[in-house]
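Here the structure is a predicted model, which is why all the values come from computation and not from measurement.
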Amino acid sequence: MISIQSKLPGVGTTIFSVMSKLAETHKAINLSQGFPDYNCDEKLIDMVSDAMRDGSNQYAPMPGLLSLRELIAEKAEQLYGAKYHPDTEVTITAGGTQAIFTALSSCITAGDEVIIFEPAYDCYAPAIKLLGGLVKPYELHPPDYEIDWEMVKKLFTANTKMIILNSPQNPTGCTLSEKDIKALIKLTKNTDVLILSDEVYEHIIFDGKKHHSIALYPELRERSFIVASFGKLLHTTGWKMGYCLAPENLMKEFRKVHQFNVFSVNTPMQVGITNYLRNPDVYNGLSDFFQEKRDLFRSLLNETRLKLLPCHGSYFQCVSYSHISDEKDTDMATRMIKEFGVASIPVSAFYIRSTDHKILRFCFAKKQETLEKAVERLMQL
């Protein structure tokens with residue numbers, strides 16, 4: 001047996017895979033992993049199929065098809081007043097996670113410190129560690145998960161290289177406010193600190209709230225990688241398609257890594273997505289589509305013993321069960337699969353220290369009948 005020294009000795013299989021496999025084993029309704037159980041628009045499928053039949057089956061240019069990059073740049077200017085040059089500041093990626101890893105790889109070196117806000121999407125910390133960086137977690141607390149920027153300031157040192165933001169946030173469904181943005185501008189002013197803004201749920205925000213994209217703010221835009229996802233936008237998480245926006249000096253470094261990582265991504269899907277997104281209603285109507293699902297799911301859950309936490313964006317709803325049981329959230333989530341046939345994600349999995357507030361996360365990007373059936377089972381809790 002050849003032995004190797006693990007570069008991620010404390011990392012196991014992602015919680016999403018673990019819970020989805022358990023759900024499959026016990027034939028539970030899977031509200032754990034964040035993917036829809038309904039298909040995407042047939043028009044989009046036809047457009048991708050047409051691209052394949054028309055011969056778009058070879059390598060795309062390394063940064064992505066220019067037509068798609070131009071469309072993304074137009075969208076960013078229309079929505080956020082941000083001018084990104086499609087030639088030098090937009091890159092198509094193999095999903096949001098690849099874009100995050102590539103952005104980190106392009107600038108994080110041994111000893112660099114990266115501030116993350118926990119509960120945090122689980123790909124951030126391992127990527128930082130893999131690159132020799134140091135994770136500086138700032139723990140947020142339910143029910144509102146608000147950021148105390150004076151406390152964040154205390155995490156700053158001479159080695160602080162980057163802050164990772166995620167709004168709307170996975171898993172909490174919280175969003176950054178204008179107050180948060182002003183604090184962030186003040187905190188990073190006259191520094192070389194970079195920002196990685198994970199905005200894959202940018203079009204899924206509720207109750208008339210505004211999405212405070214980093215692209216809206218020139219002071220932040222100049223130091224930021226912004227990551228977005230076609231999977232969340234088009235109900236096609238299995239396609240693994242996304243993109244990154246960044247000023248030219250940062251994108252130059254991003255592409256140095258990107259070209260030797262995936263080089264380029266799926267050509268016919270780029271063609272199909274370009275044609276499909278020429279209709280802005282695709283993304284302008286997404287918040288209403290998911291708010292209807294959120295409102296339905298919350299009204300159903302109100303009939304259970306679970307306590308609802310706020311949900312202002314994303315397609316995740318967190319609940320507290322602390323008044324029902326003292327079980328660890330991992331144990332509670334496992335028992336719910338085995339005894340009640342519904343899969344969730346224990347939110348402690350999003351903390352480096354496995355901080356357990358007795359909170360579970362459900363995905364409501366599901367058919368109405370799926371949500372109704374799941375809550376019918378949860379009524380037994």
Open item on the list: Measuring from atom CD of Glu202 to atom OG1 of Thr175, what distance do you get when rounded to the nearest 0.5 angstrom?
Closed with: 14.0 Å

Open item on the list: Show the nearest heavy-atom pair for residues Leu104 and Ala127, with the distance to one decimal.
Closed with: CD1-CB, 3.7 Å

Open item on the list: Whether Lys293 engages the ring of Tyr315 as a cation-pi pair (distance to the six-membered ring centre under 6.0 angstrom, angle to the ring normal within 45°) should be assessed.
Closed with: no

TODO: Give me the ring orientation class for Phe362 and Phe297: parallel if the planes are under 30° apart, tilted from 30 to 60°, perpendicular past 60°.
DONE: perpendicular

TODO: Output the distance between atom CD (Glu327) and atom CZ (Arg335), rounded to the nearest 0.5 Å.
DONE: 4.0 Å

Task: Residues which pass side-chain contact (heavy atoms from CB on, under 4.5 Å) with Ser106, listed by chain and number, not counting sequence neighbours - done: Phe225, Glu253, Val257

TODO: Using modelled atom types only, decide if a donor and an acceptor are shared between the side chain of Arg69 and the backbone of Ile92 within a distance under 3.5 Å.
DONE: no

Open item on the list: Does Asn249, at its CG atom, have more than 12 non-hydrogen atoms belonging to other residues, nucleotides or ligands within less than 6.0 Å?
Closed with: yes

Open item on the list: Treating Ser287 as the side-chain partner and His203 as the backbone partner, does any N or O pair qualify as donor plus acceptor under 3.5 Å?
Closed with: yes

TODO: Keeping the roles fixed (side chain from Thr267, backbone from Ala60), state whether a donor-acceptor pair exists under 3.5 Å.
DONE: yes

Task: Distance-minimising heavy-atom pair for Asn170 and Arg361 - done: OD1-NH1, 2.7 Å

Task: Side-chain (Arg223) to main-chain (Thr188) donor-acceptor, under 3.5 angstrom - done: yes

Open item on the list: So that I can tick it off, tell me whether Glu89 and Arg221 are bridged by a salt bridge, with the cut-off set at under 4.0 angstrom between side-chain N and carboxylate O.
Closed with: no

Open item on the list: Using the ring centroid of each side chain, check whether Phe117 and Trp149 are separated by less than 6.0 Å.
Closed with: yes

Open item on the list: Are there over 12 heavy-atom neighbours, none belonging to Asp326, within less than 6.0 Å of that residue's CG?
Closed with: no

- [ ] Look at atom NZ of Lys373 and say whether more than 12 heavy atoms of other residues, nucleotides or ligands are closer to it than 6.0 Å.
- [x] no

TODO: Take Leu234 and Leu277, measure what side chain to side chain contact (heavy atoms under 4.5 Å, CB included) needs, and give me the verdict at the end.
DONE: CA-CA 9 Å; Leu234 304 174; Leu277 285 184; 4.1 Å; yes

TODO: Say whether Phe289 and Leu371 are linked into one hydrophobic cluster, either directly or through other cluster members, by side-chain heavy-atom distances under 4.5 angstrom.
DONE: yes

TODO: Give the ring-plane orientation class for Tyr243 versus Phe230, where under 30° counts as parallel, over 60° as perpendicular and anything between as tilted.
DONE: tilted

TODO: Using modelled atom types only, decide if a donor and an acceptor are shared between the side chain of Lys161 and the backbone of Asp112 within a distance under 3.5 Å.
DONE: no

TODO: Mark yes when over 12 heavy atoms from residues, nucleotides or ligands other than Lys307 sit less than 6.0 Å from its NZ; otherwise mark no.
DONE: no

Task: Donor-acceptor contact present, side-chain Gln317 to main-chain Leu308, <3.5 Å - done: no

Task: Check: His312 side chain, Phe206 main-chain N or O, donor-acceptor pair, under 3.5 Å - done: no

- [ ] Determine the interplanar angle of the Phe16 and Tyr121 rings, folded into 0 to 90°, and report it as parallel if under 30°, tilted if 30 to 60°, perpendicular if over 60°.
- [x] tilted

TODO: Check step by step if side chain to side chain contact (heavy atoms under 4.5 Å, CB included) holds for Met62 and His258.
DONE: CA-CA 8 Å; Met62 181 269 286; His258 175 78; 3.7 Å; yes

Open item on the list: If we count only N and O atoms by modelled type, under 3.5 Å, do the side chains of Asp41 and Tyr276 hold a donor and an acceptor together?
Closed with: yes

Open item on the list: Please check if the number of heavy atoms outside Gln78 that lie under 6.0 Å from its CD is greater than 12.
Closed with: yes

Open item on the list: Holding to side-chain contact (heavy atoms from CB on, under 4.5 Å), I want the full list of residues that pass it with Ser229, two or more places apart in sequence or in another chain.
Closed with: Val200, Lys232

TODO: For the pair Asn284 (side chain) and Pro280 (backbone), establish whether a donor and an acceptor sit closer than 3.5 Å, ignoring hydrogens and angles.
DONE: yes

- [ ] Is it possible for you to say whether Ile128 and Leu155 belong to one hydrophobic cluster, with membership spreading through side-chain heavy-atom contacts below 4.5 Å?
- [x] yes

TODO: Run the salt-bridge test on Lys43 and Asp46 with the 4.0 Å N-O cut-off and return the result as yes or no.
DONE: no

Task: Pairwise distance NZ(Lys209) to OG(Ser167) - rounded to 0.5 angstrom - done: 9.5 Å

Open item on the list: If hydrophobic clusters are built from ILVMFWY residues whose side chains come within less than 4.5 Å, do Phe156 and Met151 share one?
Closed with: yes

Open item on the list: For Leu165, is there any backbone N or O sitting under 3.5 Å from a side-chain donor or acceptor partner on Glu199?
Closed with: no

Task: Among Ile100, Asn166, Thr93, Leu245, side chain to side chain contact (heavy atoms under 4.5 Å, CB included) partner for Val227 - done: Ile100

- [ ] Supply the atom-to-atom distance Gln380 CD to Glu339 CD, rounded to the nearest 0.5 angstrom.
- [x] 10.0 Å

Task: Any donor-acceptor N/O pair, Asn275 side chain to Met47 backbone, under 3.5 Å - done: no

- [ ] Say whether Thr157 and Glu113, considering side chains only, have a donor N or O and an acceptor N or O under 3.5 Å apart.
- [x] yes

- [ ] Would you check if the distance from the ring center of Phe290 to the ring center of His235 is below 6.0 Å?
- [x] yes

Task: Residue among Glu74, Glu248, Glu77 satisfying salt bridge (charged side-chain N to carboxylate O under 4.0 Å, His left out) with Lys83 - done: Glu77

Open item on the list: Pair Leu134, Asn159 - check side chain to side chain contact (heavy atoms under 4.5 Å, CB included), show working.
Closed with: CA-CA 9 Å; Leu134 301 174; Asn159 295 321; over 6 Å; no

- [ ] Show the numbers, then the answer: is there a side chain to side chain contact (heavy atoms under 4.5 Å, CB included) between Cys363 and Gln33?
- [x] CA-CA 7 Å; Cys363 173; Gln33 203 167 354; over 6 Å; no

TODO: Give a yes-or-no answer on whether the side chains of Asp122 and Thr14 include a donor-acceptor pair shorter than 3.5 Å.
DONE: yes

- [ ] To the nearest 0.5 angstrom, please state how far the OH atom of Tyr138 sits from the CD1 atom of Ile115.
- [x] 11.0 Å

TODO: With sequence neighbours excluded, tell me which residues meet side-chain contact (heavy atoms from CB on, under 4.5 Å) with Glu303.
DONE: Met379

Open item on the list: So, taking the atom named CG in Leu68 and the one named CE in Met269, what distance separates them when rounded to the nearest 0.5 Å?
Closed with: 13.0 Å

Task: Carboxylate-amine/guanidinium proximity below 4.0 Å for Lys154 and Asp148 - done: no

Open item on the list: Would you say Ile15 ends up clustered with Ile29 if hydrophobic residues are merged whenever their side chains have heavy atoms under 4.5 Å apart, either directly or through other cluster members?
Closed with: yes

Task: CA sep, side-chain torsions, deciding dist, call: Asp180, Lys182, salt bridge (charged side-chain N to carboxylate O under 4.0 Å, His left out) - done: CA-CA 6 Å; Asp180 291 317; Lys182 286 179 179 177; over 6 Å; no

- [ ] State plainly whether one hydrophobic cluster holds both Phe316 and Leu140, where clusters connect Ile, Leu, Val, Met, Phe, Trp and Tyr through side-chain heavy atoms under 4.5 angstrom apart.
- [x] yes

TODO: Establish, yes or no, whether the cationic atom of Lys366 lies under 6.0 Å from the six-membered ring centre of Phe35 and within 45° of the ring axis.
DONE: yes

